[in-house]
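Let me begin by presenting the structure, written as structure tokens, before commenting on it.
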Amino acid sequence: MSDEQPAVERQDFIRDIVRDDLASGRHREVVTRFPPEPNGYLHIGHVKSIALNFGIAEEFGGRCHLRFDDTNPVKEEHEYIEAIKEDVRWLGFDWGAHLYHASDYFEQLYEWAEHLIRSGLAYVDDQSADEIRAQRGTLTEPGAASPWRERGSDENLVLFRAMRAGEFADGARVLRAKIDMAAGNINLRDPVLYRILHASHPRTGDRWCIYPTYDYAHGQSDAIEHITHSLCTLEFEDHRPLYEWLVEHLPVPSRPRQIEFARLNLASTVLSKRRLLRLVAEGRVSGWDDPRMPTICGIRRRGYPPAALRDFALRVGVAKRNSVVDPALLEHAVRTELNRTAARRMGVLEPLKVVIENYPEGASEELEAVNNPEDPGAGSRRVPFARELFIEAGDFMEEPPPKFYRLAPGREVRLRYAYLITCREVVKDPSGAIVELRCSYDPATRGGDAPDGRKVKATLHWVSAAHAVGAEVRLYEPLFTRPDPGAERDWVEDLNPASLRVVSEARLEPSVAELAAGERLQLERLGYFCLDPDSRPGRPVLNRTVTLRDTWAKVRDRG
Ligand code: ATP
Ligand code: MG
């Protein structure tokens, strides 16, 4: 796999179908849709579906609709609808004028239900959900017919209208398709099309007290919108015969085709709105947009660029077989993008004071530092240098082991973009903790190179103590301690108690204070970061997006 975008046409089994359908004239234009249920925030799994549906529409000059699949009024909220729109836009996709809701079609769907009843293809069943379930049969045994299965059309119509009029309690009756109780596919054993639910709907209010099931609403919504290729995840494969049966037996204006692909699973996290909701509701994360969450709003806050997510979706590809993706691949896509685009800055997470004894007291100067070695157009900036500095505490060892090349007593190292310094003395407090290093610098090495050509092994990042800005830095580890949360116990038990570490006394180069929330940067040697919305003037709060070390190549070579 290379880092370059494929210059040729993308190939996968869905794009092949679309290409064939356009070439054969079966369709003049491809129309896809992304159909979220507004019962939670979108997650990285949805990115795959969004990138596929909008991507195909874009590549083949068609269009992609955003359709809210809002057939279940109980779990849906307006907040989710707005968040989903924001997330899709942020990913870089545009539905144009094509924003729809399954609830827009309630009246049409109802009329088509009456059509089925009049055709003798649907009936009102007075049994409870439990009774109906008990009669469904199994994979090896046929189901049993409901005592109401042979009810006449006229009686069914009267009852269905009474259901709509609100004359019955929740669950008292349902409308079922009359297909085949002995069908090998259980979805064809007289599936429920409508249930009674006296609940207010975010869009239709109290106009309805019967609601269509997903199976009934989805394909018909596709047909109404002239969707050509209805792409969904594999768990709907067994529903396809029902999807086709309904399209065939109803006077719908078009014939969409359902095609299934494998959903994205990501190791070390959970991707289900129900589970993510539980994390939020139980306060195990700070909210849907907690930067540890696999939600789109969470990874946005964490600093993942949308281009990296689109690239990740392409790398993952589409296939028919379920698999689990290593998060290292996602991080690889994020690093590749940020390496190109993120400005470099210096900052110290665990400050250790350095006093340059031969640097004049009260003096300071500015040194030229490159903003992004990968992007000459990003220019340079000036970084203040003075007598008192901070370096990373971990970059010094009083008694260095053999392979430790950084600062140690008597040793010379380079300060990035500045000078070579040598450690002369270690100052400790009464408890023996190191509080300060007394060093000297070589004024002839300004910029970092010695005129006599002598070499040093290490280059350290640093900040000027007087000029640095104090910051809070939030460091993240995976949300779960194992790749398969819940494999052996309740999945919340596998939450990683160390998934967030807050560094409250970080010191950053002053220019970081000028960045706005959402801006991304690299702190040299520490990783990529993003300014959190919790930042205040003069007090930046940074999320570490990802560290610098890329483990993907290792994983890939092993695989
Ligand atoms: P969840 O299980 O997280 O609630 P869902 O499938 O119920 O997901 P929907 O809002 O119904 O969520 O999904 C909208 C679209 O996104 C559907 O077409 C669905 O198939 C697709 N989708 C959901 N999860 C994934 C995933 N992990 N990988 C790929 N596509 C997904
Ligand atoms: Mg769902």
Side-chain angles (χ1 to χ4, degrees), residues 33-54 64-95 99-103 201-203 214 232-233 235 263-306 308-310 312-313 316 325 327 330 334 474 476 478-480 485-486 491-492 495 499-500 517-518 530 532-534 543 545:
R33 86 286 170 264
F34 173 64
E37 186 184 346
N39 62 346
Y41 283 69
L42 298 181
H43 52 64
I44 181 84
H46 293 109
V47 171
K48 175 171 177 177
S49 177
I50 294 168
L52 181 65
N53 281 292
F54 282 93
C64 180
H65 298 180
L66 175 60
R67 183 199 315 142
F68 288 101
D69 183 9
D70 56 350
T71 51
N72 181 354
V74 181
K75 287 185 286 176
E76 290 158 12
E77 283 178 36
H78 199 69
E79 173 198 348
Y80 298 140
I81 295 200
E82 290 311 312
I84 289 170
K85 287 193 217 164
E86 184 186 351
D87 287 349
V88 175
R89 267 193 225 106
W90 176 77
L91 277 173
F93 297 108
D94 183 8
W95 54 87
L99 174 65
Y100 304 105
H101 302 78
S103 57
H201 185 283
R203 286 177 60 84
Y214 171 88
C232 62
T233 36
E235 67 273 22
R263 64 169 47 223
L264 171 72
N265 300 300
L266 201 58
S268 305
T269 191
V270 293
L271 289 186
S272 128
K273 283 180 270 181
R274 195 170 36 81
R275 288 182 169 188
L276 297 174
L277 177 61
R278 182 170 164 201
L279 293 176
V280 174
E282 293 180 1
R284 293 172 189 272
V285 292
S286 67
W288 286 99
D289 68 346
D290 186 306
R292 292 168 293 178
M293 290 279 271
T295 49
I296 298 181
C297 55
I299 54 192
R300 170 166 65 232
R301 184 167 176 183
R302 176 136 168 186
Y304 284 23
L309 296 176
R310 293 194 301 266
F312 169 69
V316 165
V325 174
L330 176 57
V334 170
R474 301 172 182 168
Y476 302 104
L479 191 50
F480 291 90
W491 58 274
V492 292
L495 276 167
S499 58
L500 166 64
C530 180
D532 191 85
D534 287 346
N543 295 309
T545 309

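Numbering starts at 1 and runs along the sequence shown.
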Original post:
At what distance, to the nearest 0.5 angstrom, does CD1 of Ile50 lie from CZ of Arg310?
Top reply: 11.5 Å

**OP:** Supply the atom-to-atom distance Thr233 OG1 to Arg263 CZ, rounded to the nearest 0.5 angstrom.
**Re:** 4.5 Å

Original post:
Under a 4.5 Å cut-off applied to non-hydrogen side-chain atoms, are Leu495 and Leu279 in contact?
Top reply: yes

Original post:
For the residue pair Leu266 and Leu271, what are the closest heavy atoms and their distance?
Top reply: N-CD1, 4.1 Å

Original post:
Does any N or O in the side chain of His46 come within less than 3.5 Å of the main-chain N or O of Phe34, such that one atom is a donor and the other an acceptor?
Top reply: no

Original post:
CZ of Arg284 to CG of Leu276: how many Å apart, nearest 0.5 Å?
Top reply: 13.5 Å

Original post:
Between Tyr41 and Tyr80, is the ring centre distance below 6.0 Å?
Top reply: yes

Subject >> Shortest non-hydrogen contact between Phe54 and His65, atoms and distance >> reply: CZ-O, 4.5 Å

Original post:
Below 4.5 Å, heavy atoms only, C-beta onward: do Leu309 and Trp90 meet side chain to side chain?
Top reply: yes

**OP:** Would you check if Phe312 and Val47 make a side-chain contact, meaning some heavy-atom pair closer than 4.5 Å?
**Re:** no

Original post:
Quick check: does any side chain N or O of Thr545 sit under 3.5 Å from a backbone N or O of Tyr304, one acting as donor and the other as acceptor?
Top reply: no

Original post:
Between CG of Asp69 and NE2 of His101, what distance do you get to the nearest 0.5 Å?
Top reply: 11.0 Å

**OP:** Could you check if a side-chain atom of Leu66 sits within less than 4.5 angstrom of a side-chain atom of Tyr100, using non-hydrogen atoms only?
**Re:** no

Please set out all donor-acceptor pairs under 3.5 angstrom arising from side-chain atoms of residues 288-299, sequence neighbours excluded.
{"from": "Asp289", "atom 1": "OD1", "to": "Arg301", "atom 2": "NH1", "distance (Å)": "3.4"}
{"from": "Asp289", "atom 1": "OD2", "to": "Arg301", "atom 2": "NH1", "distance (Å)": "3.3"}
{"from": "Asp290", "atom 1": "OD1", "to": "Arg292", "atom 2": "N", "distance (Å)": "2.9"}
{"from": "Asp290", "atom 1": "OD1", "to": "Arg292", "atom 2": "NE", "distance (Å)": "3.0"}
{"from": "Asp290", "atom 1": "OD2", "to": "Ser286", "atom 2": "N", "distance (Å)": "2.8"}
{"from": "Asp290", "atom 1": "OD2", "to": "Ser286", "atom 2": "OG", "distance (Å)": "3.2"}
{"from": "Asp290", "atom 1": "OD2", "to": "Arg292", "atom 2": "NH2", "distance (Å)": "2.8"}
{"from": "Arg292", "atom 1": "NH1", "to": "Ser499", "atom 2": "OG", "distance (Å)": "2.9"}
{"from": "Thr295", "atom 1": "OG1", "to": "Trp288", "atom 2": "O", "distance (Å)": "2.6"}
{"from": "Thr295", "atom 1": "OG1", "to": "Gly298", "atom 2": "N", "distance (Å)": "3.0"}

**OP:** Mark yes or no for whether Asn543, through its side chain, and Arg474, through its backbone, hold a donor-acceptor pair below 3.5 Å.
**Re:** no

Original post:
What closest approach, in Å, do Ile81 and Phe68 show between heavy atoms, and which atom pair accounts for it?
Top reply: O-CZ, 3.6 Å

Original post:
From Arg67 CZ over to Glu37 CD, what is the distance, rounded to the nearest 0.5 angstrom?
Top reply: 13.0 Å

Subject >> Derivation and outcome, side-chain contact (heavy atoms from CB on, under 4.5 Å), residues Arg300 and Glu86 >> reply: CA-CA 11 Å; Arg300 170 166 65 232; Glu86 184 186 351; 3.6 Å; yes

Original post:
How far apart are the closest heavy atoms of Ala517 and Asp532, and which atoms are they?
Top reply: CB-O, 3.9 Å

**OP:** Write down the atom of Ile84, the atom of Gly40, and the distance for their closest heavy-atom approach.
**Re:** CD1-O, 3.9 Å

Subject >> Non-neighbouring partners of Glu82 that pass salt bridge (Lys or Arg N to Asp or Glu O under 4.0 Å), sequence neighbours left out >> reply: Lys85

**OP:** Report yes if some heavy atom in the side chain of Pro36 is under 4.5 Å from a heavy atom in the side chain of Leu42; otherwise report no.
**Re:** yes

Original post:
Looking at CG of Leu52 and CG of Leu264, how far apart are the two atoms once the value is rounded to the nearest 0.5 Å?
Top reply: 12.0 Å

Subject >> Phe480 to Ser268 - nearest heavy-atom pair and separation >> reply: CD1-O, 3.5 Å

**OP:** Begin with the C-alpha distance, continue with both residues' side-chain angles, and end with the deciding distance and a verdict on side-chain contact (heavy atoms from CB on, under 4.5 Å) for Val270 and Leu479.
**Re:** CA-CA 9 Å; Val270 293; Leu479 191 50; over 6 Å; no

